[in-house]
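The block underneath contains the structure these notes are about, expressed in structure tokens.
As the structure is a prediction and not an experimental result, all values here were calculated from the model. Along the sequence shown, residues carry numbers from 1.
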Amino acid sequence: MKAKNSSSKKSRPFGKIKFNSKKFFFFFCRLFPAAFMTVLFLLPLGMQSISLGDTQSTAALIYPYLLPFTPSPTIQETAFHYVYFLIYFVPFTALFLIISLFIKEKVNTLLYIITYLSLTFYLFCSVTCLVIFANCTRWFTSLPVSVYIIFGTAFISHALMSIFGILFLREMNPEFAEYKKIQAESKQKTKISIKTKLTLTIIGVIAVIMVIFTVLILHSYKKMFTEAVSDVGRSQAEQTSTVYDSADGRYEKIVGYFTQQKEANSYADCPFERIDIITASQPGNIIFQKEGDKVSFGQTEEGTDIKLEDIEWPVYDVFSYTTAIGRVKDIPEEEKIITSQKAHDYFVNFMNGTYKKQPVIDGEFCKYIYPVSFTRKAGFKLVGFSIVTYKTEILMRSYFNVIIYVSTMVVMFLYIAIILALFIADFITNPLLYLKTNVRKTTNTLEEILDGNSKISASQLTFIDSIKTRDETKDLSKEIKNMVGIIRGIIPYISYSTLQAADKDTKKGTTSRELCFLFTDIRGFTSLCEGKQPKEVVEILNRYLDIETEIILNNGGDIDKFVGDEMMAFFSGPKKEFNACKAAMEIRAAMRAQQELALADGSDYISMGIGINTGKVVFGSVGAKSRMDFTSIGDTVNLAARLEGANKAYGSKAIITEAVFDKLKDSFVCRELDFIKVKGKNEPVRIYEILQTKTAAVDKLYEIKELFEKGLAAYRKQSWDKAEEMFQLCNEKYQDMPSVVFLDRIQHFRTNPPPKKWDGVFEMKVK
């Protein structure tokens, strides 16, 4: 076998070459960032400003390694000149990454910090160059695509490193790992975590505030800037028109003004493209008057006002004067002529004052236009228009710089806000998540106890207070620990069945609740147990109690307790009385079936007594210091128990109170049984016997009800003969035991008449 293995190894020519994935990953995680840093340092990160007004001009690219020496007053004459030397941190990082290949000690954290800082410095330099040199839209379109790619890659890398740093800090915390484990095991999945909500809220609020702030600032600045620029352009147009009017159109006076404007324009901060005066070869006879801001055209010979729509506008086709000396031939012909429609529109702007607020936009130019006229006795005679033309990108240069600056600052601060929001969300919510983990551990232990999967022991229920902060979360953790300590103290005093069936609403103490109670008791159980072994007695008892329990649970009830052969159950909800009585009917049917089986095999059979009452009870913990229990107490419970015992006196099967009868008289056939005082109560109660549900009742039951209630009515009137007749008939036909009881009472009252004010109440002396 050894020889075979040896030959097998020799047959593999590349058997000695092994691929080590760890080493490959180690080298890749250092060489790739080093190469990327080198590329960042060598490729351009921006471009100098473009010469405005010259569409053919180009600008020099800015390279990182020459950035501190860029010939720009903004850089050389400010603090940026020194700050930009941080760009040399980029090649230093690349060099350190390469050196780290030969360092045996782990320097991953240091490498991360240096690389992160290097990208931060690069992005800072790139963004500031954008703010300083971007002076028009053409600057962005002229920028090489490689600059966008490099900047985008650097920004994405910086964002990923920021997120990675936050995640790394999370994973370093062992409590966070425990939280993730508990979260994975939990059946309840949180759709949106509190951390996500907090992060989105912080980012959303900051984003909305910054956007609103940006819009308001830019809108206000644009309005202010436009008005300021418009004042200059409008003043020039008005001045040109005034000069033309005062010179009466003479060349020698007007040309001097244009020469002066051209010289002043050469050193202006916002130079105009040119100033033109365009007149009409056939100006017509358009006369207008001006009083303040109101412009009118006088009246016709008939005395009516001349309207603007009634005027025929000539074509203004004479390019009279311009500052563009020597370049007139380069001006497009359509700009040397004003059509009649344009003349109409220009004059409308003049009349309504629009020319004062905003220029006329014509392609890449902004024009301020004012009527040129001669002053006459009849008014002002319109001869043409003065036009001051600006290039839009020159005119709006300052506003464009503000847009770039504000937008860049907003994006930068929003990015920083997102990173800080992630940190803040971790700082605020992580203690809550760790608290949730600790509570979940305790809850799991308690659930195991309640489910019966764990033995009840106070030592099992623990709570670990691992919160390190000094705020309300820490206080909450302490309170929960104290609460768990209280629960640990309670466990020895509570049985398992009580823990399992305790109502959640009763944790704060006793409460008042509307419940319907059903008591059952097995008749003759003591006699049944005589001569039987205890084990056999328990088996018989459990069999009957199991039948009752299943019926009660199927009808929405719950078992409060078992006391020997007696059972106490309760029902809640809007249909509690109906469900209780329905369960009583099913229990009676089940007992009859058991009796038939017992008669068939010759064994002993039993009968069942049922008492039902509904009303308010106090629900809470009852018991001794060493053993507590949750149960219901009050007259409602006591009366239901007495009614169950009253079945013995009447020979009935199921007795209910009037409160129960009022809730279900339309669903069940019931007969009034008596008006009694039970033992321990002074107030009499009217009681009824449930015979059957109306859907299952037969004629026999309705006749029993009718005969018995007629006899009962005569009995209360002391009409003994009539009452005896009804009860006797009911007993003879149906062997009705309650009728026999009243027949015995009638015989008693014949010899011992009741008092004159007798109200028919029967007082029970036994429970």
* **All side chain to side chain contact (heavy atoms under 4.5 Å, CB included) counterparts of Met224, not counting sequence neighbours** => Tyr221
Just list the side-chain donor-acceptor pairs under 3.5 Å for residues 161-169, sequence neighbours left out, or say none.
from   : atom 1 : to     : atom 2 : distance (Å)
Ser162 : OG     : Tyr116 : OH     : 2.7
Ser162 : OG     : His158 : O      : 2.9

* Can you tell me how far the OG1 atom of Thr70 sits from the CD1 atom of Ile62, to the nearest 0.5 Å? -> 5.0 Å
With a cut-off of 3.5 Å and sequence neighbours excluded, list every side-chain donor-acceptor pair involving residues 199-218.
from   : atom 1 : to     : atom 2 : distance (Å)
Thr199 : OG1    : Lys195 : O      : 2.8
Thr201 : OG1    : Lys197 : O      : 2.6
Thr214 : OG1    : Met210 : O      : 2.7

* To do: Not counting sequence neighbours, list each pair that qualifies as a side chain to side chain donor-acceptor pair (under 3.5 Å) and has a residue in residues 381-390.
  => Gln236-Tyr390
* **Pairing of Arg274 and Glu335 as salt bridge, 4.0 angstrom limit** => yes
* Asked: Measuring from Leu40:CG to Leu123:CG, what's the distance to the nearest 0.5 Å?
  -> 8.5 Å
* **Mutual orientation of the aromatic rings belonging to His344 and Trp313 [parallel < 30°, tilted 30-60°, perpendicular > 60°]** => perpendicular
Under 3.5 Å, which donor-acceptor pairs do the side chains of residues 83-99 form with other protein atoms, sequence neighbours left out?
from  : atom 1 : to     : atom 2 : distance (Å)
Tyr84 : OH     : Thr128 : OG1    : 2.6
Tyr88 : OH     : Tyr65  : O      : 2.7
Thr93 : OG1    : Phe89  : O      : 2.8
Thr93 : OG1    : Ser118 : OG     : 3.4

* salt_bridge(Glu238, Arg234) N-O dist < 4.0 Å -> yes
* To do: Report yes or no: do Gln261 and Asn265 form a side-chain donor-acceptor pair below 3.5 Å?
  => no
Please tabulate, one pair per line, all N/O donor-acceptor pairs under 3.5 Å involving side-chain atoms of residues 277-291, not counting sequence neighbours.
from   : atom 1 : to     : atom 2 : distance (Å)
Thr279 : OG1    : Ser320 : OG     : 2.8
Ser281 : OG     : Asp317 : OD1    : 3.1
Ser281 : OG     : Asp317 : OD2    : 3.1
Gln289 : OE1    : Gly298 : N      : 3.0
Gln289 : NE2    : Ala378 : O      : 2.6
Lys290 : NZ     : Tyr370 : OH     : 3.4

* To do: Look up atom CD1 in Ile114 and atom OG1 in Thr109, then write down how far apart they are to the nearest 0.5 Å.
  => 11.0 Å
